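Worth saying up front: this structure is predicted, and the values here are computed from it rather than measured.
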Protein chains: 2
Amino acid sequence: MKLSPDIAHQLVANGIRLTRQREEVFGILLQKRDHPTATELFLRAKKHMPSISLATIYNCLDALVVSGLVKQVNVNRAPTRYCANLKEHSHFYCESCGTVSDVETPVKKGWSLPGGYTVSQAEVSLRGLCPKCSKTNL
Amino acid sequence: MKLSPDIAHQLVANGIRLTRQREEVFGILLQKRDHPTATELFLRAKKHMPSISLATIYNCLDALVVSGLVKQVNVNRAPTRYCANLKEHSHFYCESCGTVSDVETPVKKGWSLPGGYTVSQAEVSLRGLCPKCSKTNL
DNA sequence: CTAGGTGCAAAAGGTTTGCGGTTAA
DNA sequence: TTAACCGCAAACCTTTTGCACCTAG
């Protein structure tokens, strides 16, 4: 997992230390892009680092989010999920199999909002059936 | 609060009973369109119906959401909020004062998603500064 | 060396569940 | 009448917090 240089740079730029735990969490997020929850990350991290604690997972996630390496994704009525894809994209929650996948954002750039609102962040959440489940449900 | 005919029709169409508690919860949602959380709804409902319980608020919300009278709104890392505005719109979360307001959806209809995804629901969540806070922060 | 991070355990919300009594239809 | 619903309390799950020990810089 040769990612230290990148992550180190980003963390240092935000005055945050690089620790083995943060590397581990970030590495997992890069490995399998399935938007795990904090608890899922905890279980996976324990395989390589049995002594890691859930509180540390949350701490690491905060550090990674603050330094812009990771984004939070919220799906209705479900625990927060995390993702390391920083390109502009939307999240698609499959109502059949529950997976969350990145999809191309079906909207054009240039958000103009009447009424004096200053937009700093936009998130598009989609729900429906993923390609796999669309076929199965025929 | 003369809303029984509408709500009754919608509920009955979904095989759900009209109860005083559900009327109360729906009424509150219509009164002050500030996207309250379940706990906020509970506190407001208790003023007119002191014996109502939080579990009932959740039950009522489920019934209202299932029957399409109310929508759920999720803001990152915050409790679920509810809204009775069924027109197409987005939600704007003000990072300064924490209010959630309905705003015109800055995207055009006709979501076309490549790759075989079937979209059943789309939600656009925006974050930033509301008009009031934009002025204050000058 | 030492500020910041880790691990543990306990607490704090938000939400769900089980159950005896109540009520809309 | 009776299936659905209510209120209560306990359970559940995610997330936060406090604190002693540890470690990256």
- Have a look at Thr37(A) and say if it touches a base, only the backbone sugar-phosphate, or nothing, with a 4.0 Å heavy-atom cut-off. nothing
- Message: Please classify the nucleic acid contact of Leu54(A) as base, sugar-phosphate, or nothing, using heavy-atom distances under 4.0 Å.
- Response: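 Base contact.
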For [N] and [X] - does any side-chain N or O of the residue sit under 4.0 Å from the phosphate oxygens OP1/OP2?
{"X": "Thr39(B)", "N": "dG13(C)", "value": "no"}
{"X": "Gln21(B)", "N": "dG7(D)", "value": "yes"}
{"X": "Arg22(A)", "N": "dT6(C)", "value": "yes"}
{"X": "Ser51(A)", "N": "dG7(C)", "value": "yes"}

- Taking all atoms of both residues into account, what is the closest heavy-atom pair of Tyr117(A) and Pro131(B), and its distance? CE2-CD, 3.5 Å
- Message: Quick check: closest heavy atoms across Phe92(A) and Val119(B), and the distance to 0.1 Å?
- Response: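 For Phe92(A) versus Val119(B), the nearest heavy atoms are CE1-CG2, 3.8 Å.
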- In residues 55-65 of chain A, which residues come under 4.0 Å of DNA chain C by heavy atom? Ala55(A), Thr56(A), Asn59(A), Cys60(A)
- Item | Residue list, side-chain hydrogen bond (donor to acceptor under 3.5 Å, both in side chains) with Thr19(B), at least two apart or on another chain |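 Here no residue qualifies.
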Over how many whole Å does the gap from [X] atom [atom1] to [N] atom [atom2] extend?
{"X": "Glu24(A)", "N": "dT6(C)", "atom1": "CD", "atom2": "P", "result": "12 Å"}
{"X": "Lys46(A)", "N": "dT6(C)", "atom1": "NZ", "atom2": "P", "result": "17 Å"}
{"X": "Arg81(B)", "N": "dT15(C)", "atom1": "CZ", "atom2": "C1'", "result": "16 Å"}
{"X": "Leu43(B)", "N": "dG14(C)", "atom1": "CG", "atom2": "P", "result": "10 Å"}
{"X": "Glu23(A)", "N": "dT6(C)", "atom1": "CD", "atom2": "C1'", "result": "15 Å"}
{"X": "Phe42(B)", "N": "dG13(C)", "atom1": "CZ", "atom2": "C1'", "result": "14 Å"}

- Tell me, for nucleotides 19-25 of chain D in 5' to 3' order, what letter each nucleotide earns: B for a base near a protein heavy atom under 4.0 Å, S for only sugar-phosphate near one, - for neither? ----BBS
Can you sort out the partners of [X] under side chain to side chain contact (heavy atoms under 4.5 Å, CB included), two or more places apart, ordered by chain and number?
{"X": "Ala63(B)", "answer": "Ile16(B), Arg22(B)"}
{"X": "Val65(B)", "answer": "Val70(B), Gln72(B), Tyr82(B)"}
{"X": "Thr39(B)", "answer": "Thr37(B)"}
{"X": "Tyr93(B)", "answer": "Val75(B), Glu95(B), Val100(B), Arg127(B)"}

- Task: Hey, could you give me each pair passing salt bridge (Lys or Arg N to Asp or Glu O under 4.0 Å) that has a residue in residues 48-60 of chain B? Not counting sequence neighbours.
- Result: none
- Note on the structure: Applied to residues 51-74 of chain B, the salt bridge (Lys or Arg N to Asp or Glu O under 4.0 Å) test, sequence neighbours excluded, yields Arg77(A)-Asp62(B)
- Check: Ile7(B) main-chain N/O paired with His9(B) side-chain donor or acceptor under 3.5 Å: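 No: the side chain of His9(B) does not pair with the backbone of Ile7(B).
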- Query: Which ring-ring contact (aromatic ring centres under 6.0 Å, His included) pairs, counting each pair once, include a residue from residues 27-62 of chain A, with sequence neighbours left out?
  - Reply: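 Passing the test, one end in residues 27-62 of chain A: His35(A)-His91(A).
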Give each protein N/O atom lying under 3.5 Å from an N/O atom of nucleotides 20-22 of chain C, with the pair distance.
none

- Mind checking what makes salt bridge (charged side-chain N to carboxylate O under 4.0 Å, His left out) contact with Lys32(A), not counting sequence neighbours?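 Result, salt bridge (charged side-chain N to carboxylate O under 4.0 Å, His left out) vs Lys32(A): Asp34(A).
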